[in-house]
Amino acid sequence: MTSLIFKSITKTVSPILMIFSLYLLLRGHQMPGGGFIAGLMTSAGLVLIYLAYGCDFFDWHKRSRFFYYLFSGGLALSFLTGLAGLFIGGTFLKSGVAHVEMPFIHESWEFASAGIFDIGVYLVVCGVCVSLMTLLGEEE
Amino acid sequence: MIEWIHPALVFFATAALVPFVKGKGKSILLIGFPALAFFSLMLFPDGNYGVFTIGGFEVVFGRVDKLSRVFAYVFTLMGSVGMVYALHVKQKGQHIAALIYGGGALGSIFAGDLLSLFVFWEIMAFSSVFLVWYGGEKSWANGLRYLMVHTFGGLCLLGGIVIFAGQTGSIAFNAIPASGLGGWLILIGFLINAGAPPLHAWLPDAYPVGSITGTIFLSSFTTKTAVYVLARGFAGTEVLMWVGVIMALYGVVYAMLENNIRKLLAYHIISQVGFMVAGIGVGTELAINGAVAHAFAHILYKALLMMGMGSVIFMTGKRKGTELGGLYRTMPLTFGLFMVGGFSISGVPFLSGFISKSMVISGAAAAHYPFVVLLLTLAAAGTFLSTTLKLPYAVFMGEDKGIKAADPPGNMLLGMGLAAFICILLGVMPNLLYQLLPFPVDYHPYTAEHLLGSFQLLLATLLGFTLFLYKLHPENTISVDTDWVYRKGVVWFQQLKNPLQGIKVLRYKDFLQGLTLFSRQVSQRIQSGYLKHALVMIISFVMLSTLLFSLFKGWTLSLDSLMQTDLTLSQLLVFVLIISSTLATVLFKSRIAAVLSLGMTGFFVAFFYVLMGAPDLALTQYLVEAVSVILILLAFYYLPAYFEEKTAPASKMTDIAVSLLVGIVMTFYMLMVMDSHLTKSIASYYLEMSEKLAGGRNVVNVVIVDFRGFDTMFEIAVFSIAALGIFGMLKLNKKKAPIQREAALNGSLKREQIEEAVQREVTSK
Amino acid sequence: MSRKQTPEDQVKKKKRVKVLASMLGLLMFLDWFAPRHHAHFFWDSIPGFSAVFGFIACAILVFFSKGIGHAFLMKREDYYDD
């Protein structure tokens, strides 16, 4: 359906969804959020575009490869984070916490390496959902 | 500034560069890089480099101390000299194999823990076998036997390491007590590589058939690495003394009988390594110093001897003493250089053997082992006799058979010359070697006593040789050794026949055939290729084993808690709905109807969650159910139409049995878990520790990503696999007859109708 | 096995034996004067022991190895090739 109303709503809503999902990803450790829900939100945003503008707009099928790499990349990232835990001197998947001084804000933020793992999860969820949708939509 | 460069890396890097160089560049690479490694050893102080912690174990790649350094010196030196000798070789593979082999040896030397030792040990075995195989087509079987024995040794070693690490909890490589299964297995693994009887036969089997230049490397690394690890791990183990003495004598006896010129030297290696092993067995500082010094000198003079014989083979094409003779005129330089090696190995003063061999014997004497001293001296006399008298007599002196020969090309002579030079150098200036030895040296070889003793021994042996010369002519035979067991013994076993007529007693070959047939039949049953069989097997196995496990543990079920819960009317209604929709799924004939009622079951369960006060769970359940229904419908879209196949009653019975089993076991477990007091709840732990350990306040996320990260990783893996599966299903099923699609959707067409329709389709095209 | 020794060889051999034996005798004589630092065993103090031992060792080795060699160790060359 490519009605005008749908398109205009998508133009506003979709970017909000995607940015919000990134926000959810980054704050996952401290407050409700996290990789899974962020991934779902991002795919919701992307699928919204897909639905509103049709498959011709974005040339999804050429770009669909990208999403396969996305989820395989995400899986690899999570796995490698786990392996890196081995070399830091502990067991597989041991996480570390680093305190980083942010330049202008003068606060030290905690970055947990589990966050990278979460990003991997995010990539997987996002990639799988979007590729599923595009695959299903490709038929006919 | 780089902390330390592992010489093994230098060797590996050289190997990697070999395919890209030619001509002058090749010479520079092959000779220069190992030489660089040699000099690099002088730059870095002792210490532990390259330490990593993997999985709770400490892996040390670079344990540098006096013991490892001295071996590394001679290995890198040998790498260089050997390459000089091997410059003319055109097959780059040989160079690569030799360099990887050398790198593996260096890696083993510097390994501070058993794990990296094992890795490099195997690298050595698998690269050196190529040097055997480069000797020609006929060496294929020998190389295979070599590989088999080494793999066996490697397995012993690995088994020993695992057991030992399990017992002691660490994989550090230091002194290992030779007690307990782990220690013994490691010792056996080491001794196989050292060439200790009875598992030594690989050495005289493989070394003589390797390539001319390859055997030089072969004789240098494997056995000496074994000496190093024995010195490191089993110094002072008394049994080694006797093993060493046996080796020393065994090697010499066989060398006396041997006709093949390189095989003679190979047996000799066993004898000389026996000296080293005995020295390690004695365990005193002097004895171990002697063993190490002997190893150092031996690598060089044995290489020289091998180079000499290699040159003879290279120039004449003959390998047997019976075929050679009188070459001292046509190959004078080779003869001369060979004799330097021969004198060195015999312990002639002013050469390297004199300053090292006598140290071992003195060490044994100082520790009061009279028999060891006598027997080793005996073996020393035998060394002189077989290697320096019998062998050159057969090859260079003796009957002149008029063979056309000349001295070998320049690089080979240069290689020999370098080795000879070092032998002389060390003999004249023994302190060069002595300062490298692990313990401080208080030994003075050049005393009247020692000198006179050596000369007497040597001359007396020479006298004996002259007198008994007639007995020592080469004979064209081979000698049977312990490898008879796996070379001939097995064949003999195979050919056992019962004299009773017609009935053949279990022939080994028949037995093997029967065994393979049986295995194949079992595999065909179990892995028939039918998904259903596999599923039935897996599910029933898992369920039965868990059931049995809990029975063994004596876990019981009390239904009190179950009986005591209140049940409201709405809950009861939902229960009824769930059960009826499940039954409907099974009973519906139409596929779509079945899928839809499966979906309904899911929705009712979600409704139940709402009733129980978990709305977020209910939401998830709804979503998941919806997606599942869509996906199953999609699957049906592409499945073939034949849904009405009658299934055999037996098959139906199995289905019912498996479903019942699963149902019962799962119910049992669910009830038991709810009731159990087995473990305390971990939820409170997570709540407390989430901020401290993982730096996060959102406990849910912390649990998913941190505490149970492993689970999540597999979840996303499964997720990806599912996506790939759908991809495959959708993308790889391109051609579809329209009638099949329709049939799939309806699911209730009779078979004949469908076939007719397909026929129509086909004929109309 | 043993080759037929021509009379020439026999003469040569006798000569060599004589030379070696006399050298050995000289060494054994010198040994008498050599200071003994570490006399661990009873034989260390006997002058000329190494010579005697060396000769006996040689004899043992030659006869023993050839003995068991001819008894059962040595086989024809193609023994293993089936």
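Every heavy atom of this structure was used, including side-chain atoms; hydrogens, water molecules and symmetry mates were not. Lettering of chains follows the sequences in order, A, B, ..., and the numbering in each one begins at 1. This one's a predicted model, so the numbers in the text were calculated from it and none came from an experiment.
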Does B:E258 reach the main-chain N or O of B:L264 with its side chain, forming a donor-acceptor pair under 3.5 Å?
-> no

Counting heavy-atom pairs under 4.5 Å to chain B, which of C:V52, C:I56, C:V17, C:I60 comes out on top?
-> C:V17

Atom group of B:F384 that falls short of 4.5 Å from chain C, counting heavy atoms | neither

Distance in Å, B:Y446 OH paired with B:S454 OG, rounded so as to fall on 0.5 Å steps = 9.5 Å

Under 4.5 Å from a heavy atom of chain C, the part of B:Y369 involved | backbone

Pick from B:V373, B:N260, B:L459: which one has the most heavy-atom pairs with chain C under 4.5 Å?
-> B:L459

Top contributor to chain C interface from B:D481, B:T377, B:V252, B:L458 [non-hydrogen pairs under 4.5 Å] | B:T377

For chain C, the option from B:S479, B:A141, B:P370 that forms the most heavy-atom pairs under 4.5 Å = B:P370

Where do B:H450 and B:S358 land on the side chain to side chain donor-acceptor pair (under 3.5 Å) test, with the steps shown first?
-> CA-CA 8 Å; B:H450 285 136; B:S358 47; 5.9 Å; no

Pick from C:L20, C:I68, C:V19 with the largest number of heavy-atom pairs that fall under 4.5 Å of chain B | C:L20

Tell me, out of B:S362, B:G453, B:A381, who's got the most heavy-atom pairs with chain C below 4.5 Å.
-> B:G453

Kindly assign one of parallel, tilted or perpendicular to the pair C:F55 and B:F468, based on the angle between their ring planes and the thresholds 30° and 60°.
-> tilted

Crowded around C:F63 CZ? As in, over 12 foreign heavy atoms under 6.0 Å?
-> yes

Report the option among B:L374, B:L385, B:L249, B:N259 that has the most heavy-atom pairs separated by less than 4.5 Å from atoms of chain C.
-> B:L374

Return yes if some donor-acceptor pair links the side-chain N/O of B:K357 with the main-chain N/O of B:I345 below 3.5 Å, else return no.
-> yes

Within the side chain of B:S271, is there an N or O that forms a donor-acceptor pair under 3.5 Å with the backbone of B:Y267?
-> no

